[in-house]
Undergrad: 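Below: one structure in structure tokens.
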Amino acid sequence: MMDILRIGEFEILPGEQRKIELPVAKLYTDAEVSLPVHIIRAKKPGPTIFISAAVHGDELNGIEIIRRLISQNKLKISNGTLIAVPMVNVYGVVNQSRYMPDRRDLNRCFPGSAKGSLAGRVAHIFLNEIVKHCDYGIDLHTGAIHRSNLPQIRADMSCSETKELAEIFGVPVVLNSNLVDGSLRESAVKNETKILLYEAGEALRFDEFSIRAGMKGIVNILQHLGMKRKSTAKKKRTPFIANGSQWVRANASGIVNNIVDLGDQITKGQVLAEIGSPYGEVLDSVIASRSGILIGKQNIPLVQEGEAMFHIAYFDESDQEIAEHIENVQELLLPDAGDNRS
């Protein structure tokens, strides 16, 4: 028998589906601000999982992932409870900003405090009203402003169950990532909630490949947990687990001519970009110090010396094999460039 789920002042019964507004601190205009929460409960008992987006307010891909999953009824479940929060940092979304109005990074303010800063209060509410109910979580992110990430899962691979979930999600690359102090992921783990962090695309932009990969990954997890009926059996695609990564930095200031793109196989000594002057001179070349796969890059074609430009992941497997796998996943998820909704 499933218990009543209590979130704030709301009670959600087994078999019920509800959209609620979870109050947080008001604006200085006295306008109410609340977290939108979509709850789906099956009649049968099972795991409880949260899916969250826009912890950083300018990271929009996750909002679209949740919106599409809800609108296409792909979040219907047969067992357990699913809690979807499309905008955790509502303030940042409104202002198209990564940060909270108090200039704090919400993802460095967990577990927060009921009487702390604005960011701390939002973190406290989200942790206590959402995360503490959950056995599992998927937190959706993108790259920062002017930076793109190849679809990837970041997780603590020392936990066997988390490792299994990371592989089930189904994106080509999994990055073993340590817990960061003050992050949602750290607080979730302390709550014994198994959590995956999905990174894909760029801030303030929709990226169709990233959106589709995220949608597919969430459905894979729900099916694996027995919360959703599995579709026709398909061949499992085992992701490649990176044993390390490094940013390659600019060795000069100037105008950038990129030579490589996300998902490309990178060879040690390869020229990744040329940096030129406004007068047409090539000032220097950006060289890869190790071989690997390009999983993140800066997009703005202007750079200052020392700035991070290319994020390269390193693997034990063949880089050529990984690059081909990434290309196959792209073709699978984007079979028709004219259809961006399937």
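In this chain, numbering begins with 1 at the start of the sequence shown. All figures in this text were calculated on a predicted structure; none of them were measured in a lab.
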Undergrad: Is there a path of hydrophobic side-chain contacts, each under 4.5 Å between heavy atoms, that joins Leu179 and Val55?
TA: yes

Undergrad: What is the distance from atom CD1 of Ile221 to atom NZ of Lys194, rounded to the nearest 0.5 Å?
TA: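 Between Ile221 CD1 and Lys194 NZ, I get 13.0 Å after rounding to 0.5 Å.
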
Undergrad: Could you check whether any side-chain N or O of Glu281 sits under 3.5 Å from a backbone N or O of Leu283, counting only pairs where one atom can act as donor and the other as acceptor?
TA: no

Undergrad: Membership question, hydrophobic clusters at under 4.5 Å side-chain separation (ILVMFWY): are Leu106 and Val180 in the same one?
TA: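 In one cluster with Val180: Leu106, no.
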
Undergrad: Which heavy-atom pair separates Ile266 from Ala288 by the least distance, and what is that distance?
TA: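 So the minimum-distance heavy-atom pair works out to CG2-CB, 3.5 Å.
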
Undergrad: Any pair with a residue in residues 99-140 that passes ring-ring contact (aromatic ring centres under 6.0 Å, His included), sequence neighbours left out, goes on the list, sorted by first then second residue, please.
TA: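 ring-ring contact (aromatic ring centres under 6.0 Å, His included) check on residues 99-140 returns Phe50-Phe126.
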
Undergrad: Strictly by ring-ring contact (aromatic ring centres under 6.0 Å, His included), give each pair with a member in residues 156-176 just once, sequence neighbours left out.
TA: Phe169-Tyr198

Undergrad: Any donor and acceptor pair, going by atom type alone, linking the side chain of Lys228 with main-chain N or O of Lys74 inside 3.5 Å?
TA: yes

Undergrad: With rounding to the nearest 0.5 angstrom, report the CD to CG distance, Glu274 to Asp284.
TA: 9.5 Å

Undergrad: Report the C-alpha distance between Leu184 and Leu197 in whole Å, list the side-chain angles of each, state the deciding distance to 0.1 Å, and finish with yes or no for side chain to side chain contact (heavy atoms under 4.5 Å, CB included).
TA: CA-CA 10 Å; Leu184 167 59; Leu197 191 151; over 6 Å; no

Undergrad: Would you find a donor on one side and an acceptor on the other, under 3.5 Å apart, between the side chain of Glu186 and the backbone of Gly182?
TA: yes

Undergrad: Please say whether more than 12 non-hydrogen atoms of neighbouring residues, nucleotides or ligands are located less than 6.0 Å from CD in Gln96.
TA: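 Not more than 12 within 6.0 Å, no.
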
Undergrad: For the backbone of Gly226 and the side chain of Asn79, can you confirm whether one donor and one acceptor N or O come within less than 3.5 Å of each other?
TA: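 Checking the backbone N and O of Gly226 against the side chain of Asn79, a donor-acceptor pair under 3.5 Å is found.
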
Undergrad: A side-chain contact here means heavy atoms from C-beta on lying under 4.5 Å apart; do Ile287 and Val271 qualify?
TA: yes

Undergrad: So do Val329 and Val171 actually touch side chain to side chain, heavy atoms under 4.5 Å?
TA: no

Undergrad: Between Thr193 and Gly137, which heavy-atom pair has the shortest distance, and what is it?
TA: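 Reported closest heavy-atom pair: CG2-N, 3.9 Å.
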
Undergrad: Pair Val256, Val286 - check side chain to side chain contact (heavy atoms under 4.5 Å, CB included), show working.
TA: CA-CA 10 Å; Val256 179; Val286 182; over 6 Å; no

Undergrad: Please check this pair: side chain of Asp139 against backbone of Arg185, looking for a donor-acceptor N/O pair closer than 3.5 Å.
TA: no

Undergrad: Going by the side-chain hydrogen bond (donor to acceptor under 3.5 Å, both in side chains) test, which pairs reach into residues 143-158, not counting sequence neighbours?
TA: Ser148-Asn299, Asn149-Glu199, Gln152-Arg154, Asp156-Ser158

Undergrad: Nearest 0.5 angstrom please: Glu16 CD to Thr81 OG1, how far?
TA: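 Rounded to the nearest 0.5 Å, the CD-OG1 separation comes out at 11.0 Å.
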
Undergrad: Report the C-alpha separation of Thr142 and Leu60 in whole Å, then their side-chain angles, then the decisive distance to 0.1 Å, and conclude whether the side chain to side chain contact (heavy atoms under 4.5 Å, CB included) test is met.
TA: CA-CA 8 Å; Thr142 75; Leu60 306 182; over 6 Å; no

Undergrad: Taking ring-ring contact (aromatic ring centres under 6.0 Å, His included) as the cut-off, I'd like each qualifying pair that reaches into residues 52-95, sequence neighbours left out, listed once.
TA: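 Checked against ring-ring contact (aromatic ring centres under 6.0 Å, His included) - neighbours excluded - the pairs reaching residues 52-95 are His56-His141.
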
Undergrad: Counting heavy atoms not belonging to Arg229, are there more than 12 under 6.0 Å from its CZ?
TA: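 Check fails, neighbour count at 12 or below.
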
Undergrad: Could you tell me which non-hydrogen atom of Lys297 sits nearest to which non-hydrogen atom of Val260, and how far apart they are?
TA: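 Where Lys297 meets Val260 most closely, the heavy atoms are CE-O, 4.0 Å.
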
Undergrad: Determine whether Leu13 and Met2 fall in the same hydrophobic cluster, where Ile, Leu, Val, Met, Phe, Trp and Tyr are linked whenever their side-chain heavy atoms lie under 4.5 Å apart.
TA: no

Undergrad: Look up atom CG in Leu196 and atom OG1 in Thr162, then write down how far apart they are to the nearest 0.5 Å.
TA: 7.0 Å

Undergrad: Could you check whether any side-chain heavy atom of Ile39 comes within less than 4.5 Å of a side-chain heavy atom of Arg41, counting everything from C-beta outward?
TA: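 They are in side-chain contact.
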
Undergrad: Identify the two heavy atoms, one from Ile138 and one from Ile49, that lie closest to each other, and give their separation to 0.1 Å.
TA: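 Closest approach of Ile138 to Ile49, heavy atoms only: CD1-CD1, 4.1 Å.
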
Undergrad: Which pairs would a plain distance check flag for residues 307-315, meaning a side-chain donor or acceptor within less than 3.5 Å of a matching protein atom at least two apart in sequence or in another chain?
TA:
unit_1, atom_1, unit_2, atom_2, d
Glu307, OE1, Gln304, N, 3.0
His311, NE2, Ser245, OG, 2.9
Tyr314, OH, Gln246, OE1, 3.1

Undergrad: Check for me, please, whether Phe10 and Val122 land in the same ILVMFWY cluster - side-chain distances under 4.5 Å, paths through other members count.
TA: yes

Undergrad: Using only atom types and a distance under 3.5 Å, with no angle test, would you say the side chain of Asn176 pairs donor to acceptor with the backbone of Met157?
TA: yes

Undergrad: Give me the atom names and distance for the closest heavy-atom approach of Ser210 to Pro151.
TA: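 Smallest heavy-atom distance, with atoms named: OG-CG, 3.9 Å.
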
Undergrad: Would you call Val37 and Glu129 a side-chain contact if the rule is heavy atoms closer than 4.5 Å?
TA: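 No. Closest side-chain heavy atoms not under 4.5 Å.
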
Undergrad: What I'd like to find out is whether the side chain of Ile326 reaches to under 4.5 Å of the side chain of Gln330, using heavy atoms alone.
TA: yes

Undergrad: Is the backbone of Ser187 close enough, under 3.5 Å, to the side chain of Asn191 for a donor and an acceptor to pair up by distance?
TA: no

Undergrad: Counting distance only, does the side-chain N/O of Ser78 pair as donor-acceptor with the main-chain N or O of Met227 below 3.5 Å?
TA: yes

Undergrad: Output yes when a side-chain donor or acceptor of Arg212 lies under 3.5 Å from a complementary backbone atom of Leu333, and no otherwise.
TA: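 Yes; at least one donor-acceptor contact below 3.5 Å.
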
Undergrad: Going through the checks in order, is the side chain to side chain contact (heavy atoms under 4.5 Å, CB included) test met by Leu150 and Leu294?
TA: CA-CA 8 Å; Leu150 183 77; Leu294 186 63; over 6 Å; no

Undergrad: When rounded to the nearest 0.5 angstrom, what distance separates CD1 in Ile275 from CG in Asn251?
TA: 5.0 Å

Undergrad: Kindly say whether Glu11 contributes a backbone atom to a donor-acceptor pair with the side chain of Arg18 at under 3.5 angstrom?
TA: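 Yes, because the side chain of Arg18 sits within donor-acceptor range (under 3.5 Å) of the backbone of Glu11.
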
Undergrad: Taking atom NZ of Lys132 and atom CG of Leu127, what is their separation to the nearest 0.5 Å?
TA: 5.5 Å

Undergrad: What are the two closest non-hydrogen atoms of Ile63 and Ala53, and how far apart are they?
TA: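 Heavy-atom minimum between the residues: N-CB, 3.6 Å.
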
Undergrad: For residues 22-31, run the donor-acceptor check on the side chains, cut-off 3.5 Å, and write out each pair with its distance to 0.1 Å, sequence neighbours left out.
TA:
unit_1, atom_1, unit_2, atom_2, d
Lys26, NZ, Asp30, OD1, 3.2
Thr29, OG1, Ala31, N, 3.4

Undergrad: Do Val85 and Ile51 have side-chain heavy atoms sitting under 4.5 Å apart?
TA: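 The answer is no, as the side chains (C-beta and beyond) never meet within the 4.5 Å cut-off.
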
Undergrad: So, do Ile83 and Leu5 sit near enough that their side-chain heavy atoms are less than 4.5 Å apart?
TA: yes

Undergrad: Compare all side-chain heavy atoms of Ser183 with those of Arg108 and state whether any distance is below 4.5 angstrom.
TA: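 Yes, close enough: below the 4.5 Å cut-off.
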
Undergrad: Would a single hydrophobic cluster contain both Ile259 and Ile295, if residues Ile, Leu, Val, Met, Phe, Trp and Tyr are joined by side-chain heavy-atom contacts under 4.5 Å?
TA: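 Per the 4.5 Å side-chain linkage, Ile295 and Ile259 are not co-clustered.
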
